Chemist: 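Handing you a structure now.
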There are 2 protein chains.
Amino acid sequence: MTYQPAESGLALWRRVADAIESGIAGGKYQAGTRLPGELEIAEQFGVHRHTVRRALATLAERGLVRAERGSGTYVEAQRIAYPIRSRTRFSEIIGTSGREADGRLIDSSVEPAGADLAKKLGLKANAPVVRIDMLRQANRVPICVGTSWLPAERFPAADRIYKTTRSMTKTLAHFEVTDYRRAVTRVGAALVDAADCAALDLRPGSPILLVESVDHDLNGDPILTTRARFAAERIEFVIES
Amino acid sequence: MTYQPAESGLALWRRVADAIESGIAGGKYQAGTRLPGELEIAEQFGVHRHTVRRALATLAERGLVRAERGSGTYVEAQRIAYPIRSRTRFSEIIGTSGREADGRLIDSSVEPAGADLAKKLGLKANAPVVRIDMLRQANRVPICVGTSWLPAERFPAADRIYKTTRSMTKTLAHFEVTDYRRAVTRVGAALVDAADCAALDLRPGSPILLVESVDHDLNGDPILTTRARFAAERIEFVIES
DNA sequence: CAAAGATGTCTATGTCGATAGACAACTCGC
DNA sequence: GCGAGTTGTCTATCGACATAGACATCTTTG
């Protein structure tokens, strides 16, 4: 065989890399253990050793594996557990895992709410909302990018507060909302697009977790809805019922 | 420019296809609406129109969009909402959405539990468990493949029951477990591997949702743990807190 | 120390991916 | 009915992808 991309649009080395990465994510190759040799992997996938080398090179560059000359290639990585429950706070979760949480404001504005947004926040159509685009990191590693919307009437200039506090919890506290609850979370998966690719420091074709959420205050009134994209290779959601 | 895969291992047309698919999943292009013209998309991504055409062709083949000659290309798809709560039943969820649920047994056996598995099911190390590999469909469209494990002592020959009932709920009912609860669910995302690619009828490089779950009976004793891979393009999880 | 086995690097060759340009066929609005 | 704008199809060119084989360099084991 020479070159048979089989209509998938994925380079062969990329398919091999993805398969190994899946193996690591799925527990087939555990952290610290040694991967099979390059020749063995090549035989397993029915490809040339050079193709395997290219796959491993990209995994090594991303810090997922580490090649040791003369010895073998070893698994490095581990995902952060991200619990989703009624009390879900980015900075708390990251902090509890022993990492330093950070939120950067990318852009913001006040806009009229579309139909979908107004319904989620319990507002009249075209009521003003504050839009906050942000990038969240753990130990300087980007975890997710996303957009939050808050009712502008109740939370005027929430974006300016967020810019200085770098935390949504602290921003809400500014408006006397000392506690709030996650009401609903929707989780899907997709492939990263070009813009997020740069923001999250991912490769094109990496999987991302799409999250859409609504938070209520203690009276049950919606105060915040968010659409975020998480780097799937760095995060795993945990839901306890 | 000629050919610049930019180290990603993804064909350019594939990156464009993924971006458009993300746009559909993320709500940028809503169902029924018209996509921008081929030339416009080409300009937007800085690629040739042929490249865009190839991207759209694959999306059309998968039923995500529909091209109308002389007029434009239109969005078709919509994902199934899959609620995750303490009462989570595949057949119920699919049935409620107006689709026909089906479960096919792929393989099964009785094995000693590994350390991880024994802990999840509250068993002693190496206690026997029934392993059930299955493929689940909605209207004959594959939704997920996965493996369930049950304590073999309490649920002997559970695999044979599953084979005939094609439902885990009915299988448990055979053993006088009329009700049970989801205790914990872990959700991640990855890229599909070769085996699941065939089973789920996906293209290589498609994103999948990884789900690991544990169910308890009403006494709080673990009775069932599952590791499943869902086709992300057909499903979206909903968590209400 | 020596041999086996692992990763690292080089050269060469055939096929596919992406571009470029041109034209056909169809839809819609005026 | 006509023209602008859209999707559908063709030919040609050039660089990247995958293969093939050979050899260097390092680690581990006996």
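Because only heavy atoms are used, hydrogens play no part in the values below, and waters and symmetry mates are left out as well, while side chains stay in. Protein chains get the first letters and strands the later ones, always in sequence-line order, with residue 1 at the start of each. Since this is a predicted model, take the numbers as computed values, not measurements.
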Chemist: Check the distance between C/dT7's P and A/Leu59's CG and give it to me in whole angstrom.
Modeler: 14 Å
Chemist: What is the separation between atom CD on A/Glu38 and atom C1' on C/dG8, rounded to the nearest whole Å?
Modeler: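 Rounded to the whole Å, the gap is 8 Å.
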Chemist: Using whole Å, what does the distance between atom C1' of nucleotide C/dG17 and atom CZ of B/Arg14 come to?
Modeler: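 Spelled out: CZ on B/Arg14 to C1' on C/dG17 is 15 Å.
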Chemist: Would you say A/Ile24 and A/Val65 make side-chain contact, with heavy atoms under 4.5 Å?
Modeler: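 Yes. Closest side-chain heavy atoms under 4.5 Å.
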Chemist: Rounded to whole angstroms, how far apart are CG on B/Leu12 and P on D/dC17?
Modeler: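 My rounded result for the distance is 11 Å.
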Chemist: Picking from D/dC17, D/dT19, C/dG21, which would you name as closest to the side chain of B/His50?
Modeler: C/dG21
Chemist: Please state whether the phosphate of C/dG17, meaning OP1 or OP2, lies under 4.0 angstrom from any side-chain nitrogen or oxygen of B/Trp13.
Modeler: no
Chemist: Are B/Glu21 and B/Leu59 side-chain neighbours, meaning at least one heavy-atom pair lies under 4.5 Å?
Modeler: yes
Chemist: Taking atom types as modelled, is there a side-chain donor on B/Thr147 or B/Arg227 under 3.5 Å from an acceptor on the other?
Modeler: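 No.
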Chemist: Nearest-Å distance, OH (A/Tyr74) to P (D/dT28)?
Modeler: 7 Å
Chemist: What is the separation between atom NE2 on A/His48 and atom C1' on C/dT13, rounded to the nearest whole Å?
Modeler: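 That distance rounds to 13 Å.
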Chemist: Between A/Thr226 and A/Met134, which heavy-atom pair has the shortest distance, and what is it?
Modeler: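 Of all heavy-atom pairs spanning A/Thr226 and A/Met134, the closest is CG2-CE, 4.5 Å.
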Chemist: When the distance from CG of B/Leu39 to P of C/dA22 is rounded to whole Å, what number comes out?
Modeler: 14 Å
Chemist: Could you tell me whether the side chain of A/Ile143 reaches within less than 4.5 Å of the side chain of A/Phe90, counting heavy atoms only?
Modeler: yes
Chemist: Could a donor-acceptor pair under 3.5 angstrom be found where the side chain of A/Arg49 meets the base of C/dG8?
Modeler: yes
Chemist: Anything under 3.5 Å between a protein N or O and an N or O of nucleotides 24-27 of chain C, put it in a table, one pair a line.
Modeler:
{"residue": "C/dA25", "atom": "O4'", "partner": "B/Arg69", "partner atom": "NH2", "Å": "2.6"}

Chemist: Can you figure out which of C/dA6, D/dA18, D/dG8 approaches the side chain of A/Arg34 most closely?
Modeler: C/dA6
Chemist: Can you pull out every ring-ring contact (aromatic ring centres under 6.0 Å, His included) where at least one residue sits in residues 11-53 of chain B? Sequence neighbours excluded, please.
Modeler: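 Pairs touching residues 11-53 of chain B that pass the test: B/His48-B/His50.
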Chemist: Considering only side-chain heavy atoms of A/Ala67, which listed nucleotide, D/dG8, C/dG8, D/dA20, is closest?
Modeler: C/dG8
Chemist: Just checking B/Phe230 against B/Tyr82, ring centres under 6.0 Å apart?
Modeler: yes
Chemist: Look at the side-chain N and O atoms of A/Thr73 and state whether any lies under 4.0 Å from the OP1 or OP2 oxygen of C/dT7.
Modeler: yes
Chemist: For B/Arg54 and C/dG17, is the shortest distance between a side-chain N/O and OP1 or OP2 below 4.0 Å?
Modeler: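 The answer is yes; a side-chain N or O of B/Arg54 sits under 4.0 Å from OP1 or OP2.
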Chemist: Does the side chain of A/Arg53 get closer than 4.0 angstrom to OP1 or OP2 of C/dT7 through an N or O atom?
Modeler: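 No.
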